[in-house]
Amino acid sequence: MNRPWTLASSVAGAVVVALDGTVLTVAQPSLQRELHASFAEVQWTSTAYLVAVASLLVFAGRLGDRYGQRRVFGLGMLGFAAASAGIGLAPGAGWVIGLRAVQGVFGALAQPATLGMLRAAYPPDRLASPLAVRTAAIGLAAAAGPLVGGALVTGLGWRAVFFVSVPTALAFGLPALLRPERRPAPARTPLDLPGAVLLAVTLAGLVYAVTARPVSGAGLALSVVTAAVLVRHERRTASPLLPPEVIGSRAVGAALGILVAVSASLFGTLFVATYVLQRHLGLDPFDSALRSLPLAVFMVVSASLCPALLRRCGARATTAGATAVLALGVLVLSGATGTPALGCGFALLGAGFGTVMVAATQVIVRRAEVTVAGVAGGLQQTALNVGPAVGVACATALLSTGTGPTLLALAALTALALPATHALPARAHPTPPAATTPPIAHTPHP
């Protein structure tokens with residue numbers, strides 16, 4: 001497998017999805033005015049995507065494991081591009097919502113494959129560096145999104161932002177689909193369709209429940225019931241959607257929980273910070289984006305430095321330290337009003353989150369065999385989709401108590417992830433000595 005092309009494809013897929021989410025936020029007010037949409041319809045342009053993508057990520061990862069990560073990645077990228085172009089031409093809000101759901105389906109195909117391809121292309125002890133490049137690119141996309149989106153909406157209108165991702169998606173999606181990787185024929189174990197349906201309903205109900213205003217009790221109840229049925233089904237089926245070797249790992253479970261907690265804290269904090277910058281300090285969206293720029297800068301820097309930290313300190317100490325830095329950043333922002341304090345708080349958020357994202361993702365993907373790398377990638381992406389929805393829901397529910405108390409609660413949420421770091425590996429596993437006989441292909445790393 002061509003490693004540079006695989007890394008470039010993984011980065012492109014992650015950036016296209018990240019950029020799409022940030023530019024949509026900038027475009028929504030203009031979209032609402034031009035299409036005469038209600039506030040609920042505008043909200044559903046985000047919710048429809050989140051529900052679709054979160055409910056299908058793990059099953060899409062399983063499809064990549066079975067049929068080839070590059071093939072599924074290519075299909076996802078091309079479908080994402082087509083849906084994006086369709087949104088840019090949509091005649092009404094209903095079309096935008098429906099196509100955003102379609103976009104979420106294809107985004108779910110592409111996202112786990114961006115990690116599955118890396119796991120197949122790189123040996124476990126060299127995964128941290130490509131993951132750091134991928135995370136740094138996401139940080140750059142997060143920084144560029146509001147600026148690019150604002151410029152496009154101002155100059156060309158809201159429709160222009162949905163055409164930004166089309167050339168990149170086509171450039172990487174077509175080669176991946178037309179020339180998929182050569183791989184041995186997979187074992188034809190049955191796809192766990194009942195498990196996929198149960199997991200999709202569970203996650204869709206959860207995401208809908210926490211993004212609804214107010215929070216949907218019926219959605220939460222549905223998620224609890226279907227989750228219980230899913231656990232029972234997965235224990236009894238011969239070919240579970242969630243392989244025991246992935247979800248049964250204590251380290252993987254801890255890493256997933258950490259990603260949910262820190263992403264919830266980060267996005268909840270950003271929701272509150274936007275409220276503070278624009279409502280309390282009277283800044284416009286562009287000035288607000290400039291104030292938060294240290295977050296993206298330090299996310300890129302910390303992601304780049306994380307592989308060295310992992311080699312020196314191991315995943316446990318690296319993740320624990322970065323989680324503490326993220327919590328400190330939330331605390332700084334809880335009392336910040338001036339530009340220096342705001343910049344310091346955002347910088348700490350970026351440094352903490354960039355490091356945690358690389359370290360925790362490395363634990364999840366590294367411990368998965370190549371044959372289930374797509375499922376591992378799907379679980380990682382699910383955590384990073386569910387966490388922000390939960391964080392914004394918590395921030396919204398607490399905002400009536402004041403921005404300070406809300407941010408203190410989000411800092412406490414970050415701190416709750418610290419005990420879970422003890423389940424992560426203390427040190428990176430050493431590379432085994434060279435053997436006298438050729439190694440077996442795809443042997444799991446100890």
Side-chain angles (χ1 to χ4, degrees), residues 25 139 142 206-207 209-215 220 254-283 287-299 302 317-357 359-360 383-422:
T25 303
L206 175 62
V207 172
V210 299
T211 54
R213 300 291 181 268
V215 172
L220 290 176
L256 289 170
I258 290 166
L259 284 177
V260 171
V262 299
S263 61
S265 178
L266 174 70
F267 282 86
T269 299
L270 291 178
F271 176 82
V272 176
T274 301
Y275 184 89
V276 171
L277 291 171
Q278 296 188 21
R279 298 287 182 87
H280 289 188
L281 302 182
L283 301 177
D287 285 336
S288 297
L290 289 178
R291 293 292 196 283
S292 62
L293 199 58
L295 187 152
V297 172
F298 277 82
M299 183 174 169
S302 65
T318 299
T319 308
T323 302
V325 169
L326 179 61
L328 179 61
V330 182
L331 287 175
V332 170
L333 288 176
S334 69
T337 54
T339 298
L342 288 168
C344 179
F346 282 121
L348 291 170
L349 286 182
F353 186 73
T355 305
V356 171
M357 190 169 169
L384 290 176
N385 277 272
V386 171
V390 171
V392 173
C394 291
T396 302
L398 295 171
L399 201 53
S400 61
T401 65
T403 57
T406 302
L407 290 173
L408 290 175
L410 291 169
L413 174 61
T414 311
L416 289 177
L418 286 171
T421 61
H422 292 290

Using the test side chain to side chain contact (heavy atoms under 4.5 Å, CB included), find all partners of [X] that sit at least two apart in sequence or belong to another chain.
{"X": "Ala209", "result": "Ser216, Leu220"}
{"X": "Ala420", "result": "Ala254, Ile258"}
{"X": "Ala389", "result": "Val210, Thr211"}
{"X": "Val386", "result": "Leu203, Leu206, Val207, Thr382, Val390"}

Residues forming a side-chain hydrogen bond (donor to acceptor under 3.5 Å, both in side chains) with Thr355, sequence neighbours excluded
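Thr355 satisfies side-chain hydrogen bond (donor to acceptor under 3.5 Å, both in side chains) with no residue once adjacent residues are dropped.
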
Give the minimum heavy-atom separation between [X] and [Y], together with the two atoms involved.
{"X": "Ala255", "Y": "Ala360", "value": "CB-O, 3.7 Å"}
{"X": "Phe271", "Y": "Ala395", "value": "CD2-CB, 3.9 Å"}
{"X": "Leu384", "Y": "Met357", "value": "CD1-CE, 3.8 Å"}
{"X": "Gly354", "Y": "Ser302", "value": "CA-OG, 3.5 Å"}
{"X": "Thr421", "Y": "Ala320", "value": "OG1-CB, 3.6 Å"}
{"X": "Ala359", "Y": "Thr318", "value": "CB-CG2, 4.3 Å"}

Pair Leu270-Phe346, side chain to side chain contact (heavy atoms under 4.5 Å, CB included): steps then yes or no:
CA-CA 9 Å; Leu270 291 178; Phe346 282 121; 3.9 Å; yes

State the SG-CZ distance between Cys344 and Phe298, to the nearest 0.5 angstrom.
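It comes to 8.5 Å.
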
Pairwise side-chain hydrogen bond (donor to acceptor under 3.5 Å, both in side chains) hits with a residue in residues 322-332, at least two apart:
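Output for this query is empty, none listed.
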
So, do Leu295 and Leu266 sit near enough that their side-chain heavy atoms are less than 4.5 Å apart?
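Sidechains of Leu266 and Leu295: in contact.
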
Result block: side-chain N/O donor-acceptor pairs under 3.5 angstrom for residues 398-416, not counting sequence neighbours:
residue, atom, partner, partner atom, Å
Thr401, OG1, Leu398, O, 2.5
Thr406, OG1, Leu398, O, 2.9
Thr406, OG1, Gly402, O, 2.7
Thr414, OG1, Ser265, OG, 2.5
Thr414, OG1, Leu410, O, 3.0

Verdict with reasoning, Leu333 to Leu349, per side chain to side chain contact (heavy atoms under 4.5 Å, CB included)
CA-CA 9 Å; Leu333 288 176; Leu349 286 182; 3.5 Å; yes

